[in-house]
Trainee: 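Let me give you the structure first, and then I'll get to my questions.
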Amino acid sequence: MLTPLDRAMKNLLIIKPDLFWLGMVVSERKVVRLCFSYSEKGIREGLGIKSSQRPSASSLLQSLKSDMTDYWKGMRVDFSGYPLDLAGYSPFYKKVWTQTRLIPYGEVRSYKWVAEAIGTRGFRAVGKALGNNPFPIIVPCHRVIKEDGGLGGFSSGLAIKRRLLKIEGFLKD
DNA sequence: TAATGGTTCGGCG
DNA sequence: CGCCGAACCATTA
């Protein structure tokens with residue numbers, strides 16, 4: 001049986017822009033999923049992919065790779081135009097992710113801000129939705145922090161959240 | 001239904 | 001400031 005992710009396997013690309021690896025999976029027209037890990041193997045495990053795959057020539061994947069590389073060089077890359085495959089996710093999650101995409105590069109908002117913007121007071125549920133964000137960086141969940149200025153959490157490790165906020169100039173060394 | 005979070009807010013020392 | 005405790009609410013078991 002072939003899951004959607006299996007079918008998209010041919011469009012998997014893994015790069016190592018930092019101390020950690022970044023896996024990117026796209027389908028024909030949309031970004032399906034991104035994933036961080038400190039090992040290349042961890043990416044494959046995180047994505048549930050067993051065999052190694054040949055890198056794809058997909059133009060979507062190529063521009064994503066290029067943009068990601070620029071992003072890690074510190075360039076102000078705008079990911080807001082990337083089409084995301086949101087099929088199968090709950091309406092609430094979609095609202096949270098869509099709202100989070102509106103936070104500008106280099107700026108942050110609180111979990112509460114996101115919640116209120118989409119008409120709920122479930123700020124903890126927002127945290128949960130961001131914890132399940134399949135599109136890190138593109139959906140900049142790292143720009144959502146606590147109301148009191150604390151960083152809050154990050155599912156793939158707080159160190160990565162800090163790194164991203166440093167790259168964007170929000171955090172100093 | 002109960003438990004669980006990437007939270008918030010008020011209260012107290 | 002730091003440490004509770006209660007409250008918020010969408011998932012998941």
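Note on naming: letters A, B, ... go to the chains in the order of the sequence lines (proteins, then strands), and numbering restarts at 1 for each one.
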Trainee: Roughly how many Å is it from CG in A/L158 to P in B/dT7, rounded to a whole number?
Mentor: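 Interatomic distance, CG of A/L158 to P of B/dT7: 10 Å.
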
Trainee: Quick check: closest heavy atoms across A/G46 and A/C35, and the distance to 0.1 Å?
Mentor: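 Between these two residues, the closest heavy atoms are CA-SG, 4.4 Å.
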
Trainee: Taking any heavy-atom pair under 4.0 Å as a contact, classify A/G153: base, sugar-phosphate, or nothing.
Mentor: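 The residue A/G153 makes base contact.
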
Trainee: I want to know whether A/W113 and A/F123 have ring centres closer than 6.0 Å.
Mentor: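 Ring-ring flag for A/W113/A/F123: false, centres at least 6.0 Å apart.
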
Trainee: Does atom NZ of A/K65 have more than 12 heavy-atom neighbours from other groups under 6.0 Å away?
Mentor: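 No, not enclosed.
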
Trainee: Which listed nucleotide (B/dG6, B/dG5, C/dA10) is nearest to the side chain of A/T120?
Mentor: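 When the side chain of A/T120 is considered, C/dA10 is the closest of B/dG6, B/dG5, C/dA10.
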
Trainee: Are the side chains of A/L130 and A/F154 in contact, using a 4.5 Å heavy-atom criterion?
Mentor: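 No. Closest side-chain heavy atoms not under 4.5 Å.
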
Trainee: Dot-bracket notation for DNA chain C is requested: 5' to 3', Watson-Crick or G-U wobble pairs only, both distances under 3.5 Å, with ( ), [ ], | and . as defined.
Mentor: |||||||.|||||

Trainee: I want to verify a distance call: between B/dG6, B/dT8, C/dC9, whose nearest atom is closest to the A/S155 side chain?
Mentor: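 Per side-chain heavy atoms of A/S155, the pick is B/dG6.
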
Trainee: For the pair made of CZ in A/R124 and C1' in B/dG6, what is the distance, rounded to whole Å?
Mentor: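 The distance from CZ of A/R124 to C1' of B/dG6 comes to 10 Å, rounded to the nearest Å.
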
Trainee: Looking only at the side chain of A/F123 (C-beta and beyond, no hydrogens), which of the listed nucleotides C/dC9, B/dG6, B/dT7 gets closest?
Mentor: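 Among C/dC9, B/dG6, B/dT7, the one nearest the side chain of A/F123 is B/dT7.
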
Trainee: So which nucleotide from B/dG6, C/dA10, C/dA7 ends up closest to the side chain of A/K128?
Mentor: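 In terms of side-chain proximity for A/K128, the closest of B/dG6, C/dA10, C/dA7 is C/dA10.
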
Trainee: Calculate the interatomic distance between A/Y93 atom OH and C/dC9 atom C1'; express it in whole Å.
Mentor: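 Checked: the OH to C1' distance equals 11 Å.
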
Trainee: Take atom NZ of A/K95 and atom P of C/dC9, then tell me their distance rounded to the nearest Å.
Mentor: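 Atom NZ in A/K95 sits about 13 Å away from atom P in C/dC9.
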
Trainee: Does a donor on one side chain sit under 3.5 Å from an acceptor on the other, for A/Y105 and A/D78?
Mentor: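 Note: A/Y105 and A/D78 side chains miss the donor-acceptor criterion.
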
Trainee: Could you check A/F154 against A/K112 and say which one's nearest nucleotide on DNA chain B is further toward the 5' end?
Mentor: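 Upstream on the strand: A/F154.
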
Trainee: Closest to the A/K146 side chain: C/dA7, B/dT8, C/dA10?
Mentor: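 Ranking C/dA7, B/dT8, C/dA10 by closest atom to the A/K146 side chain puts B/dT8 first.
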
Trainee: For A/K161 and A/V144, indicate whether the former's side chain and the latter's backbone hold a donor-acceptor pair under 3.5 Å.
Mentor: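 A pair under 3.5 Å: yes.
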
Trainee: Look at all strands and tell whether A/V144 reaches a base, only sugar-phosphate, or nothing, counting heavy atoms closer than 4.0 Å.
Mentor: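 Touches a base.
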
Trainee: Using the side-chain heavy atoms of A/Y111, tell me which of these nucleotides is nearest: C/dC9, C/dT11, B/dT8.
Mentor: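 It is B/dT8.
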
Trainee: How long is the line joining CG of A/L164 and P of B/dG6, in whole Å?
Mentor: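 After rounding, the gap between these two atoms is 17 Å.
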
Trainee: NA contact type, A/F92, heavy-atom cut-off 4.0 Å: base, sugar-phosphate, or nothing?
Mentor: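 Counting heavy atoms under 4.0 Å across all strands, the contact made by A/F92 is with sugar-phosphate only.
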
Trainee: Assess, by modelled atom type and distance only, whether the side chains of A/D67 and A/Y82 contain a donor and an acceptor separated by less than 3.5 Å.
Mentor: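 Yes, A/Y82 and A/D67 have a side-chain donor paired with an acceptor closer than 3.5 Å.
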
Trainee: Starting from the 5' end of DNA chain C, give me the residue, A/G122 or A/N132, whose nearest nucleotide shows up first.
Mentor: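 Mapping each residue to its closest nucleotide by heavy atoms, the 5'-most match is A/G122.
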
